[in-house]
Amino acid sequence: MLKLSRYVLHDILRSKVVIAYTLFLLAVAVTLFRMEDNTSKAVMSLTNIVLIVVPLVSMVFATIHYYNSYEFIELMLSQPVSRSRILMSEYFGTAFSMATAFLAGVGIPVLLFQPDAVGMALLLTGVLLTFIFTSLAFLASVLARDKARGIGIALMLWFYFALIYDGLVLSILFAFSDYPLESLTLALSSLNPVDLGRIFLMLKMDISALMGYTGATYKDFFGSSVGALYTIGIMVVWAIIPMLLAVRVFKKKDL
Amino acid sequence: MKVLLTILFFALGIQAQSRTLTVGKGQQYAIIRQAVAAAAAGDTVLVKNGLYYINNIVVTKPLTIIGEGWPLLHGDDKYEIFTLSGDRITVKGFQFTNSGYSAMNDYAAIKVIDATNVTIEGNRFFKTYFGVHVANTRHSTVRGNYFFGLTKTENTTGNGIHLWKCNNMLVEGNEVHGHRDGIYFEFVSHSLIRKNKSEGNLRYGLHFMFSNDDTYISNTFQNNGAGVAVMYSKKVTMLHNRFINNWGPAAYGLLLKDINDSRIEGNRFFKNTVGILMEGTSRIQATSNSFEENGWAAKVSASCMDNAFNRNNFHRNTFDISTNGSLVLNDFNQNYWDKYEGYDRNRDGVGDVPYHPVSMYAAIIETNPNALMLLRSFMVALLEKAEKALPSLTPENLRDERPLLKALKL
C-alpha cells in the first residue's frame, strides 16, 4: 500500500497542475503579506482563500485524477492486491500531494511572515480541508461512471458546502429566531466541513466577539479548548466517513 | 546668637510635644487600642511586627499610626478594624485580614467617615469585606495599597476602595484583585485616580456613579467581570488608561451611560468583547485612542448625540462600530480604520471616499445574535459587498468622511 501511495504521490507531484497550484498559492500568499502593512490582515484575506480555493482545487483535481488513472487502477486490479487497498493508496497519494502543495504554497509564507497560533491554525485547517474534500471527490467519482458527471457532482458539492449551505443556515436562523437556537447552530455547523474550519479559525481570531454570546452552551464551547477539539474532531470524521463509503461502493462496483 | 538659640529651643520644644508610642511584645503598650487612647493629637503610634486581634479601633484625633515589619491586624471575621474620623490621620504599613462580613453593614478593614486629610498608604488587605471604605471625606489620599479579596460571589464581597460622597480625593498606585468592584466612586467630585491596577474583580474594575469633575489617568483595568462602568456623571476625564481582556456577554472595556461633557484620550482598548459601549451619552470627545482586537471596538447606541471620535486607531477588531438605530448624531472623523479599502489620489494621507464603519453583518447580529456563527463565511462576504453597493440595513450617514490611510502613532 505504501509503495502504491508513494508511486501515486511521485506521479502527482510531477504534474503541471499541482505545480501551478503551488505557485498560485505561493504568489497569492506572498503578495498578500507584502501588500498589507499589517500581517494579521493578510492572514484574514488568506483565510478566505483557504476556505474557498483549497476545497475547490482538491475536489476537482482529485476527481480528474481518479478518472485519468482509471486504467492504472484496472491494471492494478489484475494483480493480487485488494480493491480497498488500491483505492486507499490512490486516496492517500492524492491527498498527501495536495497537502504538500498547500503547505509549500501557503505554509512557507505563513512561517516567514506570521508564525503564530493563527498562522498554525490556518495551516491545519487547510490540510484538513484538503483531506476532507479529496475524500468527498473520491466518493463522487466512485459513484459516477463517466468523467463529466463525476466532475459535475464534485463541483455541485463544492458549491453546496462553500455557498448554498451557509445561505440555508442563515435563513433557518432567521426563520426560527424566536426559538433557542444555540445547540442547533452548533449542530448545523458540524454538517459542513468548511464551516467547521471557519469556526476553528474564528476561535483564534475573533474570540473577543465570540465571548459576547449569551448562553451556557456557547460559553462552554468557546471559553475552553472544547471548541477547538470539537471542530478538529468532527473534521477528521468528515475526512474518514466519505472515504469509507467510497471504499464500500468501490468493492462492490462492477468495473 | 541668642535669638538663634531661642528658636532652636522652641523648635525642640515642639518636637518634644509630639511623642511616639510603641506597641508590641515587651514594648510600652501591648494593645493598639490602649496606645491610641493614650496618645495626644499629633502623636505617632508605632506598631511592631506581630499578630493583633482587633475589634474596631476608633481614631478621632490627628494621629500617625505606622506599622513596622508588616504587623498583621486580624478582624476575627466579625469586626471592622479601624474607623477613622476627624482630621490629619495617617495609617501606614499594616496588613489587614479577615474583617467582618455583614449583609446589613458595609464592614471594612479601614472605614473613614466625616474626615479630612486622611492618608492610607502602603497597606495590604487580604480577605476583607470592603477594603477601604471612605464616606463624607475631603482632601484625603489612598495610595500604594494592595488588596486581595477571596470570596467568590458578588454578594459576599465588597469593593476594594469604596468612596462615597467625597471630594478632592487622590487614589493612586493601588492594586486591587478579587473584590466586587475594584474602585467604586459614588458622589465623588474633583478627585484623581492615577496609576492604579484593577484586575480580576467580580464586577467592575472601576465603578463610577454620580461623580463629576473627576480624572482618571494611566490605570490598568484587566480581566474584570464587566470591565469599567462610568454612569450618570459629568466632566470626567479619562486619559492613558488600559482596558484589557474584559470578556463576556455583558463585559465592556468601558461602559458609558448617561455621561456628558467628558474626554477620553490616549487610552488603549485591547481584546475586549466591546471596547466602549455608549448609551445616552452626549458631548464626549474620544481622541487618540487605540482599539485593538476587540469584538466590537465601539457600540454607540442611537440615544447618543454630539459625541466625537477623532484621530483614533482601529486595528483588527471583529467589528468597528455598531449601532441600534438609523439615527446618527455623532461625528466620526479622521480615524484610521484597518478595514478601509479606499484610495488616496492626491496623496495627502486622507482617503478620497468615506468609510462606513458599521458593517451590515454587525447590524444583522444585533437582531439575531446566533448569526454570529456565520461570520467570515463567503455568503456573508457577498452580502457585505451587496450592502456596500446599495446600503439598506446600515445607517448611510454614519461614516468617516476623512479616513486616514496610515495608522496614527499613539
Side-chain angles (χ1 to χ4, degrees), chain A residues 36-41 43-45 47-48 51-53 55 118 159 161-186 188-189 192 194-195 197-199 201-202 205-216 218-219 221-223, chain B residues 227 243-253 269-275 277 291-297 299 313-320 322 336-341 359 361-362 364-384 405-407:
Chain A
E36 305 282 1
D37 41 356
N38 132 19
T39 53
S40 62
K41 210 177 148 188
V43 169
M44 221 90 91
S45 318
T47 305
N48 288 325
L51 292 178
I52 298 298
V53 174
V118 179
F159 199 60
F161 284 128
L163 193 62
I164 298 174
Y165 187 83
D166 289 344
L168 288 176
V169 171
L170 195 60
S171 41
I172 288 174
L173 290 185
F174 269 89
F176 299 100
S177 58
D178 296 339
Y179 298 90
L181 291 175
E182 293 185 7
S183 319
L184 181 75
T185 318
L186 286 178
L188 284 176
S189 320
N192 180 351
V194 179
D195 276 1
R198 194 168 44 73
I199 289 168
L201 286 172
M202 261 162 61
M205 293 195 296
D206 299 294
I207 188 69
S208 314
L210 291 174
M211 287 307 281
Y213 258 133
T214 41
Y218 288 142
K219 206 175 167 204
F221 189 78
F222 297 129
Chain B
F243 304 85
I244 301 174
N245 277 349
N246 298 295
W247 279 355
Y252 316 98
F269 299 86
F270 182 66
K271 283 201 168 173
N272 303 291
T273 295
V274 179
L277 179 84
F291 298 85
E292 292 159 61
E293 296 183 36
N294 300 292
W296 288 260
K299 281 190 174 179
N313 275 344
F314 292 83
H315 280 295
R316 304 185 296 280
N317 300 296
T318 303
F319 301 108
D320 288 331
S322 145
Y336 170 75
W337 314 87
D338 68 344
K339 293 188 187 62
Y340 181 58
E341 284 172 344
S359 81
Y361 211 59
I364 287 186
I365 287 167
E366 203 71 32
T367 57
N368 189 345
N370 282 308
L372 183 55
M373 202 60 101
L374 289 172
L375 181 71
R376 295 194 195 290
S377 65
F378 189 42
M379 181 75 202
V380 170
L382 286 182
L383 288 175
E384 287 280 4
L405 283 172
K406 281 242 151 58

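All figures in this text were calculated on a predicted structure; none of them were measured in a lab. Throughout, protein chains are lettered first and strands after them, A, B, ... in sequence-line order, and every chain is numbered starting at 1.
In terms of heavy-atom pairs under 4.5 angstrom with chain B, the leader among A/Leu184, A/Thr47, A/Asp206, A/Leu188 is A/Asp206. In terms of heavy-atom pairs under 4.5 angstrom with chain A, the leader among B/Ile365, B/Asn294, B/Asn245, B/Asp338 is B/Asp338.
A ring pair (Phe, Tyr, Trp, His ring centres under 6.0 Å) with B/His315 is found for one member of B/Phe269, B/Trp337, B/Tyr340, B/Tyr336 and no other, namely B/Tyr336.
Around CZ of A/Phe174, the count of heavy atoms belonging to other residues, nucleotides or ligands within 6.0 Å exceeds 12.
Of the possible polar contacts, none joining the B/Lys271 side chain to the B/Trp247 backbone as a donor-acceptor pair under 3.5 Å is found. Counting only distance, with no hydrogens or angles, the side chain of A/Arg198 and the backbone of B/Met373 share a donor-acceptor pair below 3.5 Å.
Proximity to chain B (any heavy atom under 4.5 Å) is shown, for A/Leu210, by both the backbone and the side chain. Contacts between A/Asn48 and chain B at a heavy-atom distance below 4.5 Å involve the side chain alone, from C-beta outward. Interface residue A/Ile52: only side-chain heavy atoms are found under 4.5 Å from chain B. Within the 4.5 angstrom heavy-atom criterion, atoms from both the backbone and the side chain of B/Arg376 approach chain A. Looking at A/Leu163, the atoms closer than 4.5 Å to chain B (heavy atoms on both sides) sit in the backbone and in the side chain alike. Both the backbone and the side chain of B/Asn370 come within contact range of chain A, each with at least one heavy atom under 4.5 Å from a heavy atom of that chain.
Taken to the nearest 0.5 Å, the CG atom of A/Asp195 stands 6.5 Å off from the OH atom of A/Tyr165.
Aromatic ring pairs are classed by plane angle as parallel below 30°, tilted from 30° to 60° and perpendicular above 60°; the pair B/Phe314 and B/Phe291 is parallel.
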